[in-house]
Each structure stands twice: as C-alpha cells, then as structure tokens.
Amino acid sequence: MLEKRAINSSAVPQLAEVRFTTLRAHEWLLQNTPCTHGEIVFGAKNASQLEEVHLATKLDTALFVISRTTWDHDTAVTTVELVFHASHRKHTQL
C-alpha cells in the first residue's frame, strides 16, 4: 500500500513543530486534532510511474484506491489516498 497524505496546516498550525519519528501522522492527528465528520470514497486508477516503482507493478495497471477526507466542521483537516497493489482485496461481511 502506498499512502499519500495532505494535511491542512491552517487547520493544524502546531503541525510545523511535530517530528514524525515515533508516531505516524494518522496517529498524531487522532490524538491532537478535532474531527467532526469524514468521507470515504472507493475507486480505482491506473498506476503512475511512482506507483509502478513503489508497488512493484506495471505502468497503467488498475489499482484499488481508498480516498478519505476528515473535517472539523467546515474545514478539511486532512486528505489521504491509499493506493493498493492490483492483487489486494477488501472483504466485508453483512
């Protein structure tokens, strides 16, 4: 899995002082940033050159993507795109 994350530094000004050496960005945000709601989108995209290298796949191979944005009221706090290798599967039960 390849994670691409953007954090709104206006919404989280203390982020400039954080060094993610012992804690991942996701964990830090959960502990330090309010979140009122979020949205998740499931989709697919063709592998870019970067994804080709990091996911050990071929250029333009279809990849599974989960995109998530978390909000504090009307302000987007973070957006993350999780890109999975073509062989990856998600399983749910009803």
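What you find for V77 and P34 is that their closest heavy atoms are CG2-O, 4.2 Å. E51 approaches N46 most closely through the heavy-atom pair OE1-O, 3.8 Å. In terms of heavy-atom proximity, A16 sits nearest to R19 at O-NH1, 3.4 Å. What you find for A25 and I7 is that their closest heavy atoms are CB-CD1, 4.2 Å.
Follow the hydrophobic side-chain contacts under 4.5 Å out from V41 and you never reach L82; the two are in separate clusters. Following chains of ILVMFWY side-chain contacts shorter than 4.5 Å, one can reach V80 starting from I40, so the two form part of one hydrophobic cluster.
The distance from atom OG of S87 to atom CG of L55, rounded to the nearest 0.5 Å, is 9.5 Å. The OG1 atom of T33 sits 8.0 Å away from the CG atom of L15 when rounded to the nearest 0.5 Å. Q31 contributes atom CD, which lies 5.0 Å from atom CG of L23 (distance to the nearest 0.5 angstrom). One distance of note links CD of E3 with CE of M1; it measures 5.5 Å at 0.5 Å rounding. One finds the CD atom of E52 at 5.0 Å from the CG atom of L59 (value rounded to the nearest 0.5 Å). From F84, atom CZ reaches atom CZ of R89 across 12.0 Å, with rounding to the nearest 0.5 Å.
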Inset, instruction - Could you walk me through whether W28 and V12 pass side chain to side chain contact (heavy atoms under 4.5 Å, CB included), step by step? - result: CA-CA 11 Å; W28 185 89; V12 191; 3.5 Å; yes
Inset, instruction - Output, in order, the C-alpha distance, side-chain angles, deciding distance and verdict of side chain to side chain contact (heavy atoms under 4.5 Å, CB included) for R5 and H26. - result: CA-CA 9 Å; R5 179 181 298 273; H26 175 72; 3.5 Å; yes
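Within the 3.5 Å criterion, the main-chain N or O of R24 finds a donor-acceptor partner in the side chain of E27.
Shown here is Q14, whose CD atom has more than 12 heavy atoms of other residues, nucleotides or ligands within 6.0 Å.
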Less than 3.5 Å apart, which donor and acceptor atoms pair up between the side chains of residues 60-76 and the rest of the protein, not counting sequence neighbours?
residue, atom, partner, partner atom, Å
T61, OG1, K58, O, 2.7
T69, OG1, T79, OG1, 3.4

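At a threshold of 4.5 Å between non-hydrogen side-chain atoms, the residues L2 and K4 count as touching.
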